[in-house]
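Everything numeric here is computed off the predicted structure, so don't read it as measured data. These values consider heavy atoms only, across backbone and side chains, with no hydrogens, waters or symmetry-generated copies.
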Amino acid sequence: MMKRLGLAIFCMLLGADFAFTPAWAEAGIQTWNSGCRNIYKQYKQKPKHKAFAVSNISVDNSAQSCGSSWAASSKSAAEAGALRICRSSQVAGTCRITKSE
């Protein structure tokens, strides 16, 4: 009985969501993109009316752009600013807002 109970608990734990997803990954940033990870880390500390944008990955999987904006007059103004910054250095694909407050 105890062996079965232990196995059942182990299986329940395995079924739990152990897949830790870093915040930067949820924002669409690729693992190798340390520049955008650093920008996202700074974005998280900024005041409200902020936004973070990231681009698609290039065809050869070697480039991705991002941009952030904060302390804007509104959420939509912050989103427009983040998209503008992402597009200004865009080397990969279409920029999109992935986080905003």
Side-chain angles (χ1 to χ4, degrees):
M1 175 67 175
M2 195 60 162
K3 188 174 181 179
R4 270 191 223 180
L5 180 59
L7 182 59
I9 291 171
F10 179 73
C11 289
M12 285 174 24
L13 288 174
L14 283 179
D17 187 14
F18 277 115
F20 171 73
T21 304
W24 50 264
E26 291 175 0
I29 304 168
Q30 296 301 303
T31 305
W32 47 262
N33 195 338
S34 61
C36 284
R37 287 196 328 251
N38 289 335
I39 291 170
Y40 184 71
K41 188 185 300 183
Q42 293 171 13
Y43 155 82
K44 297 281 286 176
Q45 304 303 316
K46 299 299 179 183
K48 296 289 182 190
H49 295 263
K50 61 184 179 179
F52 184 83
V54 69
S55 73
N56 297 335
I57 305 160
S58 62
V59 175
D60 65 355
N61 201 29
S62 67
Q64 183 181 42
S65 300
C66 62
S68 65
S69 177
W70 59 89
S73 58
S74 66
K75 181 178 169 181
S76 60
E79 290 174 351
L83 286 171
R84 187 181 70 254
I85 293 166
C86 181
R87 290 173 181 148
S88 71
S89 62
Q90 186 177 6
V91 292
T94 305
C95 290
R96 67 193 184 286
I97 298 295
T98 56
K99 298 285 182 178
S100 67
E101 296 179 29

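- Between the CD1 atom in I29 and the CD1 atom in I39 there is a gap of 8.5 Å [rounded to 0.5 Å].
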Criterion side chain to side chain contact (heavy atoms under 4.5 Å, CB included) on W32 and Q64, from CA distance to verdict: CA-CA 10 Å; W32 47 262; Q64 183 181 42; 3.9 Å; yes
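- To the nearest 0.5 Å, atom SG of residue C86 and atom CZ of residue R96 are 9.0 Å apart.
- Atom CD of E101 sits about 5.0 Å away from atom OH of Y43, to the nearest 0.5 Å.
- Shown here for S74 and A77, the closest heavy-atom pair between the two residues is OG-N, 3.1 Å.
- Rounding to the nearest 0.5 angstrom, the gap separating the NZ atom in K46 from the CD atom in Q42 is 6.0 Å.
- Proximity of a side-chain donor or acceptor of H49 to a complementary backbone N or O of K75 within less than 3.5 Å is detected.
- Of all the heavy atoms in A82 and A53, the pair that sits closest is O-CB, 3.7 Å.
- Distance check: K48 NZ to S100 OG gives 10.5 Å after rounding to the nearest 0.5 Å.
- Between C66 and C36, the two SG sulfurs come within 2.5 Å of each other, short of that mark.
- In this structure, NZ in K50 is found 9.5 Å from OG in S68, a value given to the nearest 0.5 Å.
- Aromatic ring orientation, Y40 versus F52: perpendicular (interplanar angle above 60°, classes split at 30° and 60°).
- Minimum interatomic distance between A78 and A72 (heavy atoms only, all atoms of both residues): N-CB, 3.5 Å.
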